Every structure is written in C-alpha cells, then in structure tokens.
Asks: 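Structure below; questions to follow.
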Amino acid sequence: MKNQEIAKIFYDIARFLEIDGVAFKPYAYQKAAASLEGLKDDVAQLYIKGGRKALEEIPAIGKAMSDHIEEYLKTGKVKFYEEFKKSLPVNMDELLRVEGLGPKKIKVLYQKLGIKNIKDLEKAVKKHQIAPLFGFGETTEKNIIQGIEFVKQNKGRVLLQEILPIAREVLEKLENLKEVQKASLAGSLRRRKETIGDVDFLVVSSPEASSPSAKKNSEKVMDFFVALPGVKKIWGKGGTKASVHMAQGFDMDLRVVPAKSYGAALQYFTGSQAHNIATRKMAIDKGLKLSEYGVFSGSKMIAGKTEQEVYKSIGLPYIEPELREDTGEITAALGGSLPALIELKDIKGDLHCHSNWNGGEHSIEVMAKTAMERGYEYIGISDHSKTLKIENGLNEGQLLKQHEAIKKINAKFLASGQKFRVLHGVEADILKDGSIDIKNEVLAKLDYVIASVHLNTKMEKRQMMARIEKAMKNPNVDIIAHPTGRIVNQRDEYQIDFDTMLKLAKETGTILEINSSARLDLRDLYIRRAKQEGIKMIINTDSHHKDQMVFMEYGVAQARRGWAEKKDIINTLSVEELLEYF
DNA sequence: GCCGTTTTCGGCCCGACTGTTTTCAGTCG
C-alpha cells in the first residue's frame, strides 16, 4: 500500500517545516501522516474509485494534502518535498536516531560543518568541532559521542516478544521496593504494539518518611532505577523522571507520580500520542484541562486517581489500551459500540503446533501435556507436509500413521477420565499452482487442514492470488496460516490483495490465522478489516517447542489491537463446536 | 494546513529535563 510511503513523506515534510520555524503546519502534516497510517483502505484505490473528493474525505486531508497525494500517485514524487530535501540533503532518519539530536540541531550541523550522516558526525566529533558551535557545548558533544555508539549497537524497534519478559522482570523489581506503592507498564508496551521503541514505567512512591533528613522516597526509586543491572547510560534523572539506555540496546523511562494522579498519568503515559491529543481536546471542549496530573476544572481537580474516572470525567467509558490509537475508538466509545475484546482466558486450544514427527522438538504427548497445563481443552497437531523437506515434512503414509498414533493417545485420555483431546491436522503446503501437496483423500481423514505458502513467495500479485484462491476453494482446507507472509522486522508481506483474500475467505468459509510468532500475521489493521467482513479467525502459536505455546498471549494482544472479540475467534469454541464448524 | 452540536476565522495537547544563548529553546515522550 502507498499509504505508508505517503505518510512517511508527510512526516518528513513536518520536520522540514519545523526546522524552518513554520507554525502549526508541521502539526497538520503530522496529523495527515498519522491519519494515512491508520487508514484501513488503500489510498491508491480510494483515488481510483472516488478521485480527489474521496481523498479529501480522509480525516486531516484537505486540498493541499490531496494535491500531494495525487502527485505522488501519478509521478511517484512530491515536488514540495523534493525541494526541501535539496535544501537540506542529509540522512535525517539516521541522524535523528542519535539521542539528543533533533531537526534543528541537525540543520545547524549541516550548515556549519556539512554533516550529512552519522559517519560525518563521527568525524566532526573526533576533530572536536561540535562543542564550539553556537548552541552546542562540551556536554552535548559527549552525549553525541555516546549517542553514536548506541545507534551502532541498537537494533531499532525491538519485538514485543523479546522485550515484554525483560520489562516484566524490571517491573517486579520496582514493585518489590518498599518505597513503591504501585507500578505499571505504560507506553506502546502496554498497548502491545508489535514492536517497541522504549519501555515506560509508571510508579507511585510510598508516602514520605517523617524524618526531614530522609531522602524522599521518589528519589530513592530514581536512584534504584538508574542503578539497575544493564544500565549503560543515564540520559537524564530528575525528581520525578528518569531515562536510561540499556545494554540490550533499548531505552527505559520511569515516571513517579502522586497516588491521586496515578490514573491520569497512566492514561497519559500509555498513549498513543494521537489518542492523548484527542482526549485532551475532549476535555477542552468540556471546559476542562487534562494532563498527566489529572482532570482539572479551573484549579480544581475533578479526576485522576484511576483511568476509569479520568475517562468518565470527559464523557467516555473506559477504553482498553490496545485500542488507544485514535483510529475510531473515541467515536465508538461515544456511540457505546466499543468491542468486548477477546481475552487470553477465552482461548480453549492451540491448533497450530508441531511435534517431533517433523521439525518440532517434542512428542505429541509432551505438547498435549503442555496444552493441558495451560488450561486448554484441546491441542491440534499440525505438522508440516512433505514439500517442506527442511522441516522433515510428512507424506501421506506418515500422516495416516500419525492419525492412528493420535487415536491411541486420545483413547488413553478417555480411559483415564480426562476430557482433553488431541486433534489431528496438518500444515500442508500450497504449491505454486495452488494445489495442496497432500492428496485429498488423506486430507479428508484429518480433523482439519491448515494450508500455507512457504516456497515460491516472490510471485506477482495476480498469480499469488490465483494460487491462494485455488487453495481456499479446496473443500478440505479449513485454515490459511500466516496469510500474508510477513515477518515483523524481517520480511514484508507477499504480493497479495487483502480485499480479494477477504472476499474469497467469505465465499469459501475459510478461516484466517493470526499467527502469534514473530510473524504476527495477520497484522492489526487486517484483523480489523476481517472482523468487519465477518471473517472468522483463529489465534495459533505455530509452536515448534513446548515453551513457545506461551506466545498465545502475543497473538491475543494482536487480535485485541485489531478489535477482535471472542465471537470472531474460533479457538474460543469447545471441541465439539469446533469440529462441527470444520 | 485543517477543522467546526459555539466557529468558514481563529484556533491548534501538555509537561519534564537538559544545556546553554543566564531566561528559554530544543528535545523527548
């Protein structure tokens, strides 16, 4: 989709305008960019169908913005933007990653020293050219040196799966301090974004000790935080706010607030920024002021202790963190149509699990036991099929043997009075021509069939869609696994047309998977569209190891970000209902 | 540059911390 490309251009233009000291326009461009990012429809399609009028109906897009969009769709360029780039030909994205450098400092560095990228910056630092510049200084130069070092080792945004466990460990340490009353994760981590820039913590410190000589409790929390193992650099540390860089390559921020402001602060630090702006505007419309300290009517505080009361005071019901992106949640909240988001406890089983019959680590029994321990009613074993040689995929004969083995395991469960059940499926390959690599008479014997694309992924869109269409139309195929093929931070989606995919899924009753691994595929916007079309989805972990079954949490989070409810997700059904569905 | 159950003109979210230009701009979230 062109949406993201154009959004990027608008963000860049906003920065250029900011550098030039233009008032308010940067904000307009940022809003337009954010609006495009959150747009469910392909802007190119909108333009083809509805022309400029359709473009101007997009929130925050007016005449000038639709000029730019139209120009980009036609020529692949935006002149207004190209002019800016010529006047300041620097690698802005790269330089901005250096902590402490913003657009304005970058402009000075280019004009005075011709610095265009981090390499140039490094040279200038070595020659000690930065400190003497007007507006800079010794400390800034030192900070830049460290900033460069961290950019080099930094992976950029980190996967949710990698960072959440680390953040929870730190949270537990904070909670265990006697100076801490309450602590919470905030920021994009609390919203469960698929990648995380930095980790935010919010803390209420205990009431102050009576002794005047005692260091304030909030300060003690700060001291503890900046001394955590793994802290490589303290970006800043004040009375209520501290920021550090970790050895693992990401930043962590901590804020301490009074108990009476906890809800307002949590609401604020959870974001997103766009959601905050929208809620603050609602407060203003009611003659109130919303900040991280509370909701104020004049100087009188009317709410702040809990998030619930903060939302209530500005006329809204509680909004779940995963929805707070200003992509319609406020309108839905006002209209009483917020979704009842699916929860982890709704999940009754995991149908995409691999055993050691193919590339998995553990026996079917061990996988089943793990599922039982997670409180599931069933597990589905869906090993790879013969095309995937690297995973030791199973052929027809092996699948039939496995079928008998699973029957025996289930008989054992039955004999011991356990309700738990192992379902037998397969993750079969969709071949280049759309046929499935396992014979239909064998597929028909299984409880369910997952089909997925693993090879020949670089096909052009028409061919790829014909391939998927044929697979979906196979009456034995129930589920398409990782439907778009993307892997977060690694690989873009295949050339697919998601609208067509939805149409086909509807026609054929095919279930789309939300894969909980690093793929996180479907992505949140797609989940939301699938839900709107009434397409059923399933949240699976694609576990090749028993310990990966905990990834279910991330798939559920992704589903929640896509506004999915229990009724949209079929592995919330009981085993009888599920088999009936298949 | 966009937008409007007050408005088609006059607004645009709000605050902490740092470093340096010593009163506030720049950066960050």
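First the proteins, then the strands, lettered A, B, ... as listed; each starts at 1. Quantities reported herein were computed from a predicted structural model and do not represent experimental measurements.
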Asks: Under the criterion of centre distance below 5.5 Å and interplanar angle below 30°, is Phe24(A) classified as stacked on the base of dC12(B)?
Replies: yes
Asks: Counting only side-chain nitrogens and oxygens, does Ser243(A) get under 4.0 Å of the OP1 or OP2 atom of dG29(B)?
Replies: no
Asks: Could you pick out which residue, Glu141(A) or Pro103(A), lies toward the 5' side of DNA chain B when each is mapped onto its nearest nucleotide?
Replies: Glu141(A)
Asks: Send over the distance from Tyr29(A) OH to dG1(B) C1', rounded to a whole Å.
Replies: 7 Å
Asks: Closer to the 5' end of DNA chain B via nearest nucleotide, is it Glu56(A) or Ile284(A)?
Replies: Glu56(A)
Asks: Are any of the side-chain heavy atoms of Leu164(A) and Tyr554(A) separated by less than 4.5 Å?
Replies: yes
Asks: Can you confirm whether Glu169(A) is buried at CD, in the sense that more than 12 heavy atoms of other residues, nucleotides or ligands lie under 6.0 Å from that atom?
Replies: no
Asks: Could you check how far NZ of Lys105(A) sits from C1' of dT21(B), rounded to whole Å?
Replies: 11 Å
Asks: In terms of relative ring orientation, are Trp235(A) and His245(A) parallel, tilted or perpendicular, with 30° and 60° separating the classes?
Replies: perpendicular
Asks: dT27(B), dT20(B), dC13(B): which one has an atom nearest the side-chain heavy atoms of Thr140(A)?
Replies: dT20(B)
Asks: Could you tell me the separation between the CD atom of Gln267(A) and the C1' atom of dC13(B), rounded to a whole number of Å?
Replies: 11 Å
Asks: I'd like the P distance from dT5(B) over to dG15(B), given in whole Å.
Replies: 25 Å
Asks: In whole angstrom, give me the gap between the P atoms of dT18(B) and dG10(B).
Replies: 41 Å
Asks: Is it the case that more than 12 heavy atoms not belonging to Lys233(A) sit under 6.0 Å from its NZ atom?
Replies: yes
Asks: Does a side-chain heavy-atom distance below 4.5 Å link Lys2(A) with Tyr47(A)?
Replies: no
Asks: Measure the distance from CG on Leu133(A) to P on dT20(B) and round it to the nearest whole Å.
Replies: 11 Å
Asks: Which nucleotide, in any strand shown, forms a Watson-Crick or G-U wobble pair with dT8(B), with both distances under 3.5 Å?
Replies: none
Asks: Determine the interatomic distance between C1' on dG11(B) and the same-named atom on dT6(B); round to the nearest Å.
Replies: 13 Å
Asks: Just how far, in rounded Å, is P of dG29(B) from CD1 of Ile196(A)?
Replies: 13 Å
Asks: Say you pick atom P in dT27(B) and the same atom in dT21(B); how far apart are they, in whole Å?
Replies: 14 Å
Asks: Give each protein N/O atom lying under 3.5 Å from an N/O atom of nucleotides 15-18 of chain B, with the pair distance.
Replies:
from	atom 1	to	atom 2	distance (Å)
dG15(B)	OP1	Lys289(A)	NZ	2.8
dA16(B)	OP1	Tyr293(A)	OH	2.9
dC17(B)	OP1	Gly239(A)	N	3.3
dC17(B)	OP1	Thr240(A)	N	3.1
dC17(B)	OP1	Thr240(A)	OG1	3.2
dC17(B)	OP1	Lys241(A)	N	3.1
dT18(B)	OP1	Lys237(A)	N	3.1
dT18(B)	OP1	Lys237(A)	O	3.1

Asks: On the nucleotide dC2(B), are OP1 or OP2 found under 4.0 Å from the side-chain N or O atoms that Lys31(A) carries?
Replies: no
Asks: Which value, in whole Å, describes the distance between the P atoms of nucleotides dC13(B) and dC3(B)?
Replies: 14 Å
Asks: Nearest whole Å is fine: how far is dC3(B) P from Ile58(A) CD1?
Replies: 11 Å
Asks: Under 3.5 Å, is there a donor-acceptor pair between the Tyr262(A) and Gln181(A) side chains?
Replies: no
Asks: Mind checking if Pro59(A) touches a base, just sugar-phosphate, or nothing, with heavy atoms under 4.0 Å?
Replies: sugar-phosphate
Asks: Suppose you measure atom P in dC17(B) against the same atom in dT23(B); what distance do you get, rounded to whole Å?
Replies: 23 Å
Asks: Counting side-chain heavy atoms from CB outward, which of dG1(B), dT27(B), dG29(B) is closest to Ala28(A)?
Replies: dG1(B)
Asks: Distance between the C1' atoms of dT8(B) and dC14(B), in whole angstroms?
Replies: 28 Å
Asks: Could you check Glu307(A), Glu322(A), Glu320(A) and say which one makes a salt bridge (charged side-chain N to carboxylate O under 4.0 Å, His left out) with Arg190(A)?
Replies: Glu307(A)
Asks: Give Lys25(A) one of three labels, base, sugar-phosphate or nothing, depending on what nucleic acid heavy atoms sit under 4.0 Å from its own.
Replies: base
